[in-house]
Structure formats: C-alpha cells, structure tokens
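Note sheet for the following structure.
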Amino acid sequence: MAKLKDEAKAYESKTTKNIAELPKVSTDLEVVENSGVDAEGKEFSYKVVIVEGEEYRVPNSVLKQLKVILEENLNLKFFKVKKTGTGMATEYQVIPLS
C-alpha cells in the first residue's frame, strides 16, 4: 500500500493530446466518444482516437475535411493533420499521405 505523499509525487494529470501531434494517422483507427466538463460546469462531448494507449482528440473540422477527401479517394489509408493558430482561432488542415 502506497503512502499519500508518494502517490501525490507520482501523480500526473490526465491530458488529451491532439490528432495534429501524430506524424501519421490511419483511417482505420477506432473513434471513441468522450465527455468532459468545461470551466463553467457545462458537459460537452468530443471524439478521440487511441494510439499506443494515449488519447488524441479529433476535431469535427478534421472529420469534415476527411469526409470530402474520402469521397474522392476511398482507398486512402493514411493522412496527417496540420494545426495552425491557438484557442478559438485554431485551424486544421488534413493532408492525405497514401
């Protein structure tokens, strides 16, 4: 049994990364719906993919762009996401790889 102070020292806050942090994303990854609570106490939902045990958030704008790309290239296996800006000014660009 661990002591509280040891657990506190070892504690790492759980964070969700962003899909743009991945160098290459497979179109075959499973998507999971998660939920959270914002600073105002309102519940919200978001989608994530899990890669090597880590959760990566998938913005709706990425799904929207990927849909258009897949309509033209149903055989697309991999893509990457480029993120620019911060906060409410964040934009994502889906780049097909192969």
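This structure is a prediction, so every number in the text was calculated from the model and none was measured. Side chains included, hydrogens not; waters and symmetry mates left out as well; all remaining heavy atoms used.
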By side-chain hydrogen bond (donor to acceptor under 3.5 Å, both in side chains) - contacts of S45 (at least two apart)
E33
Taking V37's backbone N and O only, do any of them form a donor-acceptor pair with E43's side chain (distance below 3.5 Å, no angle check)?
no
Pairwise side-chain contact, Q65 with Q93, heavy-atom cut-off 4.5 Å (strictly under)
yes
For L97 and P23, the nearest pair of non-hydrogen atoms, with its separation, is CD1-O, 4.3 Å
Is there side-chain contact between V51 and L22, with at least one heavy-atom pair below 4.5 Å?
yes
Dump the intermediate steps for side chain to side chain contact (heavy atoms under 4.5 Å, CB included) on V94 and I69, then the final yes or no.
CA-CA 9 Å; V94 176; I69 292 168; 3.6 Å; yes
Are the side chains of V48 and T16 in touch, meaning some heavy atoms are under 4.5 Å apart?
yes
Do the side chains of V68 and L70 get nearer than 4.5 Å, heavy atoms only?
no
When clusters are formed by joining ILVMFWY residues with side-chain heavy atoms under 4.5 Å apart, either directly or through shared neighbours, do L66 and V31 land in the same one?
yes
Please determine whether residues V32 and F44 belong to a single hydrophobic cluster, defined as Ile, Leu, Val, Met, Phe, Trp and Tyr linked transitively by side-chain heavy-atom distances below 4.5 Å.
yes
Measuring from I19:CD1 to L29:CG, what's the distance to the nearest 0.5 Å?
7.5 Å
The criterion is salt bridge (Lys or Arg N to Asp or Glu O under 4.0 Å); which residues satisfy it with K80, sequence neighbours excluded?
none
K47 and N34: CA distance, side-chain angles, deciding distance, side chain to side chain contact (heavy atoms under 4.5 Å, CB included) verdict:
CA-CA 6 Å; K47 294 180 178 13; N34 280 357; over 6 Å; no
Residue pairs meeting ring-ring contact (aromatic ring centres under 6.0 Å, His included), one or both in residues 76-98, sequence neighbours left out, come to none
Which heavy-atom pair separates T86 from T90 by the least distance, and what is that distance?
C-OG1, 3.1 Å
Is it true that, when you exclude E71 itself, more than 12 heavy atoms of the residues, nucleotides or ligands shown sit nearer than 6.0 Å to its CD?
yes
Please say yes or no: joined through hydrophobic side-chain contacts below 4.5 Å, possibly via intermediate residues, are V62 and Y46 part of one cluster?
no
Are E54 and Y56 close enough that some pair of their side-chain heavy atoms sits under 4.5 Å apart?
yes
Give a yes or no on this: more than 12 heavy atoms of other residues, nucleotides or ligands lie within 6.0 Å of atom CG of N60.
no
How long is the gap from NZ on K24 to NZ on K77, to the nearest 0.5 Å?
12.0 Å
I50 and E55: which non-hydrogen atoms are nearest, and at how many Å?
CG1-CG, 4.1 Å
Under 3.5 Å donor-acceptor, E21 side chain and N18 backbone:
yes
